[in-house]
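Single-structure report; data block below.
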Amino acid sequence: MKKLLICCLFGNTANSLAKKMQKVASAQDYPIMISAVGLDNFASVAPAFDCFLVAPHIQYKFAELRNIVGDERPIDIIESLPYASLDGQKVS
């Protein structure tokens with residue numbers, strides 16, 4: 001099972017989005033565990049995850065987060081509209 005981590009500034013919005021995305025993935029029997037974290041805790045939990053999504057409002061930290069993750073695991077920025085509307089279907 002793959003593990004996806006969503007990162008936002010404090011983790012609250014990312015947590016809400018992760019729950020919605022997990023619901024979509026579970027309904028489609030997609031084997032993934034989706035979690036969320038705030039920016040301050042990203043480095044400490046990142047080693048346990050396979051892939052990462054970054055909230056659009058902290059994309060200025062993307063290079064720093066990519067350095068933590070390395071080149072072996074995928075990381076991307078979530079589009080603003082699906083993130084702001086907490087649209088788990090469009091993000092997933």
Side-chain angles (χ1 to χ4, degrees):
M1 177 180 292
K2 293 287 184 184
K3 293 189 269 183
L4 167 67
L5 183 64
I6 304 172
C7 181
C8 74
L9 191 57
F10 298 110
N12 297 332
T13 306
N15 188 45
S16 296
L17 181 59
K19 287 178 183 177
K20 290 187 176 201
M21 290 173 64
Q22 187 68 63
K23 190 174 184 178
V24 170
S26 295
Q28 297 176 359
D29 291 326
Y30 191 81
I32 191 166
M33 181 191 79
I34 305 170
S35 299
V37 69
L39 190 57
D40 289 344
N41 295 321
F42 183 83
S44 64
V45 299
F49 289 85
D50 303 306
C51 50
F52 308 89
L53 290 174
V54 178
H57 60 280
I58 60 165
Q59 61 184 313
Y60 66 94
K61 291 282 194 176
F62 187 77
E64 181 181 323
L65 298 176
R66 178 171 281 297
N67 285 338
I68 292 169
V69 168
D71 293 331
E72 300 300 314
R73 296 177 288 170
I75 183 171
D76 205 355
I77 298 169
I78 303 170
E79 291 183 31
S80 295
L81 186 57
Y83 181 82
S85 61
L86 296 176
D87 191 334
Q89 180 69 42
K90 286 190 178 177
V91 174
S92 55

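Atom set for the values below is all heavy atoms of this structure, side chains included, hydrogens, waters and symmetry mates excluded.
Considering every non-hydrogen atom in both L9 and H57, the closest pair reads N-NE2, 3.6 Å. Closest heavy-atom contact between P47 and S44: CD-O, 3.8 Å. The two residues V24 and G88 come nearest to each other via the heavy atoms CG2-C, 4.0 Å. What you find for C7 and A14 is that their closest heavy atoms are C-CB, 4.4 Å.
With sequence neighbours excluded, the residues forming a ring-ring contact (aromatic ring centres under 6.0 Å, His included) with F42 are F52, listed by chain and number.
A continuous path of hydrophobic side-chain contacts links F49 to I58 [ILVMFWY only; heavy atoms under 4.5 Å]. No continuous path of ILVMFWY side-chain contacts below 4.5 Å connects L53 to Y60, so the two sit in separate hydrophobic clusters. Grouping the Ile, Leu, Val, Met, Phe, Trp and Tyr side chains by contacts below 4.5 angstrom, directly or via other members, places I68 with V37.
Atom CG in L81 sits 8.0 Å away from atom CG in D87 (nearest 0.5 Å). Interatomic distance, K20 NZ to Q89 CD, rounded to the nearest 0.5 Å: 12.0 Å.
Of the possible polar contacts, none joining the Q28 side chain to the A25 backbone as a donor-acceptor pair under 3.5 Å is found. Side-chain N or O atoms of K2 include none that pairs as donor or acceptor with a backbone N or O of C51 at under 3.5 Å.
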request  = Begin from the C-alpha positions of I77 and F62 and carry the test side chain to side chain contact (heavy atoms under 4.5 Å, CB included) through to its verdict.
outcome  = CA-CA 8 Å; I77 298 169; F62 187 77; 3.6 Å; yes

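Within the structure, the salt bridge (Lys or Arg N to Asp or Glu O under 4.0 Å) test picks out no pair touching residues 24-34 (sequence neighbours left out). Here salt bridge (Lys or Arg N to Asp or Glu O under 4.0 Å) pairs that include residues 63-86, with residues two or more places apart or in two chains, are K61-E64.
By the 4.5 Å heavy-atom criterion applied to side chains, L39 and L65 are counted as neighbours. Between M33 and L4 the shortest side-chain heavy-atom distance does not fall below 4.5 Å. In this structure, the side chains of L17 and Y83 come closer than 4.5 Å at one or more pairs of heavy atoms. Counting heavy atoms from C-beta on, the side chains of I78 and I6 come closer than 4.5 Å. K19 places none of its side-chain heavy atoms less than 4.5 Å from the side chain of I34. Using a 4.5 Å heavy-atom cutoff, the side chains of K3 and S35 are not in contact. Within the 4.5 Å cutoff, side-chain heavy atoms of Q22 are placed close to those of S26.
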